[in-house]
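Please read all numbers here as calculations on a predicted model, not as lab measurements.
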Amino acid sequence: MNTMKHILIVAPSFKVLGGVSNHYMGLHPYWESKVTYSTYGKRPGIPAIYCLIPDLILYVLKLIFCGVDIVIVNPTFWSYQIKRDGVYAWIAKLFGKKVVTMVHGWDWKMAEYYEKNPKWVLKTFGKSDGIFVLYSAFKDSLRRMGVTSPILMTTTKVSDKLLQDTQISRDGKIKEILYLARVEKEKGIIETLDCFQILQEKYPYLKLNICGDGAYIKEAKSHADEKMLKNVFFHGIVEGERLKEQLRSNDIYILASYQEGMPTSVLEAMAFGLPVVTRPVGGLQDFFENGKMGQMIESLDPKDFASVIETYIQDKTLTINTGIYNQEYALNHFLASAVTKRFEHDILSL
């Protein structure tokens, strides 16, 4: 592997935690190539619109003066992001740089639009030397748009540091349920609360730990109050030791999300030996084994989620065996050090 290549990663600021910045923070210690960053978007206390022009200027200066060989752009298939990131990809090609696109988020309505009107995608990301996706169906959609660049699979990751010096002991008893995601309607927060209400009527000792922040936090708290739910705890954003403690102390993980790329929180829950109850969304569909890892539920009916979780409440052996299988699978497939090595190898092989 040629470790002398200089890779420039275009991504949100590490000071504004989100899926993309979190991903690259996890990969950062393990690159063998020289890696620098060109950040864009909002900063703490500064709206994104005020950063747009300065970010582009700094990006161009790095392309000109920093000896960059490869540029990695990180779009999501949403209206604004696909336009903005497309400009970054187009500029990199204008300066003769190798361009790698990693697609993180995906909106199927937006994808359907670009399948019918692919001009912008083909002019920008379609000229990439390689494209990485988190779910095989994203690849199929890009092909329908007319993209001919090599398209490879990758994954999000579990931080090696998160598992360092961590002892995990499971007795199979489910007492606490974990929701670890942005608190947004599309993440299924209301369905999660309604599922918990059903369970709590039969198992009043249960606790629901909601870890994350988001635009829907007030509505979620109001919903919990209206339902008069007890033992629901909103912890806000959890990081470092607080994140580790939540993953260690909870007993089962729920994510009733409407759509995803590859949710890191699911991989983290697996690495800590939690059964996962989720939906067939994004890249989970490429590897998730129903019954062995937990359950993917087609519907959004809280009763269906409650029924599955109750199965684990009533069967400690199933809970223990599922957790063991998940932890082994996650350690073999999702550790950041291994994900970085594969990702870098594929990039340099393009």
Side-chain angles (χ1 to χ4, degrees), residues 1-2 5 7-11 19-20 22-24 26-27 31 33 35 68-94 96-157 259-264 266-267 280-288 333-334 336 338-350:
M1 181 183 291
N2 182 0
K5 294 293 184 181
I7 299 173
L8 178 66
I9 299 173
V10 183
V20 177
N22 179 274
H23 180 66
Y24 284 110
L27 301 191
W31 293 101
S33 301
V35 170
V68 172
D69 301 296
I70 302 169
V71 174
I72 303 177
V73 293
N74 295 276
T76 57
F77 255 74
W78 299 329
S79 179
Y80 169 71
Q81 287 86 347
I82 200 170
K83 294 288 180 61
R84 176 198 61 195
D85 291 38
V87 170
Y88 278 87
W90 180 80
I91 291 174
K93 274 297 180 184
L94 192 66
K97 307 300 181 183
K98 179 179 285 189
V99 173
V100 171
T101 296
M102 180 176 172
V103 181
H104 291 261
W106 194 268
D107 184 309
W108 280 108
K109 289 184 178 179
M110 188 62 58
E112 289 172 7
Y113 169 81
Y114 280 110
E115 286 182 22
K116 298 175 182 177
N117 306 275
K119 185 176 180 180
W120 176 255
V121 171
L122 296 178
K123 183 179 179 180
T124 54
F125 309 114
K127 296 186 180 298
S128 299
D129 296 271
I131 299 175
F132 289 82
V133 295
L134 298 170
Y135 174 34
S136 56
F138 299 167
K139 174 180 178 179
D140 298 337
S141 181
L142 289 168
R143 291 295 187 221
R144 289 194 292 271
M145 294 175 201
V147 173
T148 58
S149 303
I151 302 178
L152 300 89
M153 297 294 298
T154 188
T155 180
T156 51
K157 52 84 190 84
Q259 59 185 20
E260 290 286 343
M262 177 69 86
T264 299
V266 169
L267 311 186
V281 288
L284 296 179
Q285 298 171 87
D286 284 330
F287 76 86
F288 198 92
H333 292 85
F334 301 132
V339 171
T340 308
K341 185 176 181 179
R342 292 195 299 267
F343 187 40
E344 185 174 9
H345 175 270
D346 288 344
I347 288 170
L348 298 182
S349 298
L350 290 169

Using the side chain to side chain contact (heavy atoms under 4.5 Å, CB included) rule, take Val121 and Phe77 through it: C-alpha gap first, then chi angles, then the decisive distance, then the call.
CA-CA 10 Å; Val121 171; Phe77 255 74; 4.2 Å; yes
Worked verdict on Val71 versus Val100 for side chain to side chain contact (heavy atoms under 4.5 Å, CB included)
CA-CA 6 Å; Val71 174; Val100 171; over 6 Å; no
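Here the CG-NZ distance, from Asp69 to Lys98, works out to 9.0 Å after rounding to the nearest 0.5 Å. Atoms OG and CH2, on Ser141 and Trp106 in that order, are 4.0 Å from each other to the nearest 0.5 Å. Note that the CZ atom of Arg143 and the OG1 atom of Thr148 stand 7.0 Å from one another [nearest 0.5 Å]. Rounded to the nearest 0.5 Å, atoms CD1 (Ile82) and CE (Met110) are 7.5 Å apart. Of the inter-residue distances, the one linking Lys139 atom NZ with Leu134 atom CG reads 14.0 Å to the nearest 0.5 angstrom. Once rounded to the nearest 0.5 Å, the distance linking NZ of Lys93 with NZ of Lys123 reads 15.5 Å.
In this structure, the side chain of Trp120 does not engage the main chain of Gly86 through any donor-acceptor pair within 3.5 Å. Of the possible donor and acceptor atoms, none in the side chain of Gln285 sits under 3.5 Å from a partner among the backbone N and O of Tyr135. With hydrogens and angles ignored, the 3.5 Å screen pairs a side-chain donor or acceptor of Asp286 with a backbone N or O of Ser136. With hydrogens and angles disregarded, a donor-acceptor distance shorter than 3.5 Å links the side chain of Ser149 to the backbone of Ser128.
Taking every heavy atom of both residues into account, Met153 and Phe132 meet most closely at O-CD2, 4.2 Å. When all heavy atoms of Ala11 and Asn74 are compared, the closest pair comes out as CB-ND2, 4.4 Å. Across every non-hydrogen atom of Val339 and Lys157, the tightest pair is CG2-CB, 4.2 Å. Closest approach of Lys5 to Leu348, counting heavy atoms only: CG-CD2, 3.8 Å. Across every non-hydrogen atom of Ser33 and Ile7, the tightest pair is CB-CD1, 4.0 Å. Considering every non-hydrogen atom in both His104 and Thr76, the closest pair reads CB-CG2, 4.1 Å.
Sparse packing is recorded around CH2 of Trp90, with 12 or fewer heavy atoms of other residues, nucleotides or ligands lying under 6.0 Å away. Taking a 6.0 Å sphere around NZ of Lys97, one finds it holds more than 12 heavy atoms contributed by other residues, nucleotides or ligands.
Asp346 has its side chain out of reach of Thr154: every pair of non-hydrogen atoms, C-beta onward, lies at least 4.5 Å apart. Side-chain contact between Val266 and Phe334 is absent, with no heavy-atom pair separated by less than 4.5 Å. Between Asp85 and Val10, the closest side-chain pair of non-hydrogen atoms is not below 4.5 Å. Counting heavy atoms from C-beta on, the side chains of Leu152 and Leu350 come closer than 4.5 Å. Side-chain atoms of Met262 and Leu267, non-hydrogen and from C-beta on, do get closer than 4.5 Å to each other. Side-chain contact between Thr101 and Lys127: absent, with no pair of heavy atoms (C-beta onward) separated by less than 4.5 Å. In this structure the side chain of Leu284 never reaches within 4.5 angstrom of the side chain of Glu260, judged on heavy atoms.
Taking the six-membered ring where tryptophan is involved, the planes of Trp31 and Tyr24 are essentially parallel, since the angle between them stays under 30° and well short of 60°.
For an aromatic pair to be called close, the ring centres must be under 6.0 Å apart, and Phe125 with Tyr114 fails this.
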